[in-house]
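Just so you know, ligand 1 is whichever comes first in the structure, and atom 1 is the first atom listed for that ligand.
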Amino acid sequence: MKRIGVLVSGGGTNLQALIDAQKDGSLKSGRIELVLSNKVDAFALHRAQLARIPTAIVTKEQYPEKEAFEQTILARLKEYRIDLVVLAGFMSVLSPEFVAHYPRAMINIHPSLIPSFCGEGFYGLRVHRAAIERGVKVSGATVHYVNEIVDGGEIIAQKALAVRKGETPESLQRRVLENCEWAILPRAVEKVCREMESGQTEEDG
Ligand code: GRF
């Protein structure tokens, strides 16, 4: 059983999808042992508390220097012996030095079909606004490993959805969340935990 740490900043609906998957047994190769937020008022913290999952708060206000901020997060993850770090709406870009502590053991969910509309500056509504402005007919979500390139790690899962006529960034954001993100994140987390448990990757067979 792998020990999962979920990093959040906001509403935590993706965290909720993981909690629900844990409850219904579809997430069974790992367990959420810590929810860490970089925002004191993140609703995700409330969701974690309701599910009786330990929480931690590490903010830029407490640690204005990036190194101290990241060292503190790292210390919490070590304290809880986290095997897999899941970035679920975590709105802070982690340094390559931080990422190097979790090779193939940190994953992120991004609300577009990577490699479209991703990388530095593509977050939140900006992603969906750019997709609509470009006139794409299909968008979706991607779960990928985190490496030193923003949104650049190997892709684990994707789900697409058709963009509707008259779609707004807000409506697309909502539909991608509900139809794509909540579906693929729990499945991807289970898959990665299972692979970590068996000490195998797909390429190994
Ligand atoms: C999601 O769209 C996620 O893809 C992005 O931030 C949003 C977080 O939503 N990285 P929530 O906090 O999980 O509700």
Determine all donor-acceptor pairs shorter than 3.5 Å in which one atom belongs to a side chain in residues 127-140; sequence neighbours excluded.
none

Write out the residue and atom name of the closest protein heavy atom to atom 5 (C) of ligand 1, then the distance separating them to 0.1 Å. Gly89 CA, 4.0 Å
Kindly give the heavy-atom pair with the smallest separation between His144 and Ile156, and that separation in Å. C-CD1, 3.8 Å
Provide, to 0.1 Å, the distance between atom 4 (O) of ligand 1 and the closest protein heavy atom, together with that atom's residue and name. Glu181 OE1, 2.6 Å
By number and element, which atoms of ligand 1 are closer than 4.0 Å to a non-hydrogen atom of Pro111? 2 (O), 4 (O)
With a 4.0 Å cut-off on heavy atoms, is Ile109 in contact with ligand 1? yes
Do the ring planes of His46 and Phe43 sit parallel (below 30°), tilted (30 to 60°) or perpendicular (above 60°)? tilted
Look at the aromatic rings of Phe69 and Phe90 and report parallel, tilted or perpendicular, splitting at 30° and 60°. parallel
Option of least heavy-atom distance to atom 12 (O) of ligand 1 (set: Gly10, Cys180, Gly12, Ala141): Gly12
Sequence neighbours excluded, the answer for side chain to side chain contact (heavy atoms under 4.5 Å, CB included) partners of Thr13 is Arg47, Leu177, Trp182
Leu7: which of Val35, Leu15, Leu77 passes side-chain contact (heavy atoms from CB on, under 4.5 Å): Leu77
So which protein heavy atom does atom 14 (O) of ligand 1 come closest to, and at what separation? Thr13 OG1, 2.6 Å
heavy-atom search around atom 9 (O) of ligand 1 in the protein gives Asn14 ND2, 3.9 Å
